[in-house]
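Notes to accompany the following structure.
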Amino acid sequence: MMKTRLIFRFAAALVLLLAACSCRKEVAHGGVVTFRFATGALQTRATTPGDGDVADGGGISSTGGLPDLIILIAKDADGSIVKRYDGLNPGTDVRLKSLTATEAVVAFDFTDQTPGDYSVYTFGNARGLWPMTTDGSDTITRDALLTLSNRAQIEALQFRPLAPDTAPELVDLGADEARMPLSAAGSFTVYAELNGQVGLELLRCVAKVTWELVNNTGEELTLTDFRDAFAGMCPDRGFVLEQDPAVPADAVSGTLVATSSSLTIPAFIPDPDDPSRTIPGRVSDSRLVFPSTGPYTSDISFTQGGSPHSYTGLPITDSRRADIPALSRNQQLRVVTRISKGVVSFNFEVADWVEKNEEVQFD
């Protein structure tokens, strides 16, 4: 289980006081622990934060002023769950301190707990979680998460297997509402009589693969029988929380396939950054996938103007032209096929799930 060790930041005077008292046994209980859960990067990091888009995992959904979060806190000494938070029915020893589209701050009262090491597990946009299991036979839903009794059950959580070669889709909640499931896990220490703060980054439980076809011919382009297939990039299951290794040992590898009987790509479209200008026309589509291990290859085929085109075994590599070893949760793979007159080229771009990607060109 990959967890970030999070140590409270205390005022210097309190730290000195704790050091001075270290020669005697502490009998006082801990105080209040405040957790800050954010999508994207935490504000203290110099990277792109979440954008508030719940369906894309950039935001935290909320109803009636309560975030759709489930928080479980376990005592490391025996693994027992000692604190729970349900965004629908908060407990009496927990308080929601603030909520924005990208961040929720929740405080827990630890005066009833002994000082020591604890682990926190958080599930964001919990109504969007796919059915889960701990042993392959049980089925755990959002509400059933609150019935788990120990950390071993939480860390064993996997999404229930899908049919072969099937990519997960967002849960249909009706009224055009969709919530990308998120999760986070971390460890922290409760000290006697001291309050603390913990920050956790909520990350998507899946990766995303995006296809983009760019028309560089200068005229409207029609493709028929389009097919793009990625070998080994569609496992049938994945862990709910970040794990090492990232792929369950019993996961079945599959092929991720995108097809279209007919695609019409305009010659030009308005530049989204400057509508007064135009750029080559393009179409795109995306699929969600559970984390997987590479290397990967791509097979692309289509018919243009009655002439078939087929490209098989294209290696998907990084900017150094080395095989990509894995596609992790919260990452995005973009496959860009550029079609010019007499020339077809391919770009494979892998980066975190933000619009900051490196490119490598294959002609």
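One-based numbering along the sequence shown.
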Would you call [X] and [Y] a side-chain contact if the rule is heavy atoms closer than 4.5 Å?
X	Y	result
Phe226	Leu213	yes
Glu155	Phe239	no
Ile71	Phe108	yes
Leu72	Phe123	yes
Thr293	Ser253	no

Trp130 pairs by side chain to side chain contact (heavy atoms under 4.5 Å, CB included) with which of Thr141, Leu162, Val206, Val240?
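So, applying the side chain to side chain contact (heavy atoms under 4.5 Å, CB included) to Trp130 and each of Thr141, Leu162, Val206, Val240, only Val206 qualifies.
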Taking side chain to side chain contact (heavy atoms under 4.5 Å, CB included) as the criterion, tell me which of Thr210, Val350, Leu256 meets it with Leu333.
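Of the listed options, the one satisfying the test is Val350.
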Got a salt bridge between [X] and [Y], using NZ or NE/NH1/NH2 to carboxylate O under 4.0 Å?
X	Y	answer
Asp285	Arg287	yes
Asp299	Arg227	no
Arg329	Glu242	no

Are a donor atom and an acceptor atom from the side chains of Thr133 and Asp138 found within less than 3.5 Å of each other?
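The answer is yes; a qualifying pair exists.
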Is a side-chain donor-acceptor pair under 3.5 Å present for Asp228 with Ser298?
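There is such a pair (donor and acceptor under 3.5 Å, judged by atom type) between the side chains of Ser298 and Asp228.
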How are the rings of [X] and [Y] set relative to one another: parallel (under 30°), tilted (30 to 60°) or perpendicular (over 60°)?
X	Y	value
Tyr118	Phe110	perpendicular
Tyr311	Phe346	perpendicular
Phe159	Phe290	parallel

Mind listing the side-chain donor-acceptor pairs of residues 54-64 below 3.5 Å, one per line with the distance, residues two or more places apart or on another chain?
| from | atom 1 | to | atom 2 | distance (Å) |
| --- | --- | --- | --- | --- |
| Ser61 | OG | Arg179 | NE | 3.0 |
| Ser61 | OG | Arg179 | NH2 | 3.3 |

CD/Glu169: more than 12 non-hydrogen atoms of other groups inside 6.0 Å
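Counting neighbours around CD of Glu169, 12 or fewer heavy atoms of other residues, nucleotides or ligands fall under 6.0 Å, so no.
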Give the minimum heavy-atom separation between Glu103 and Val105, together with the two atoms involved.
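Of all heavy-atom pairs spanning Glu103 and Val105, the closest is OE2-CG2, 4.0 Å.
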In Å and rounded to the nearest 0.5 Å, what is the CG to CZ distance from Asp165 to Phe230?
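So the CG of Asp165 and the CZ of Phe230 are separated by 13.5 Å.
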Check: Val82 main-chain N/O paired with Ser80 side-chain donor or acceptor under 3.5 Å:
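Such a contact is absent between Ser80 side chain and Val82 backbone.
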What residue among Arg204, Lys208, Glu201 forms side-chain hydrogen bond (donor to acceptor under 3.5 Å, both in side chains) with Asn330?
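The passing option is Arg204.
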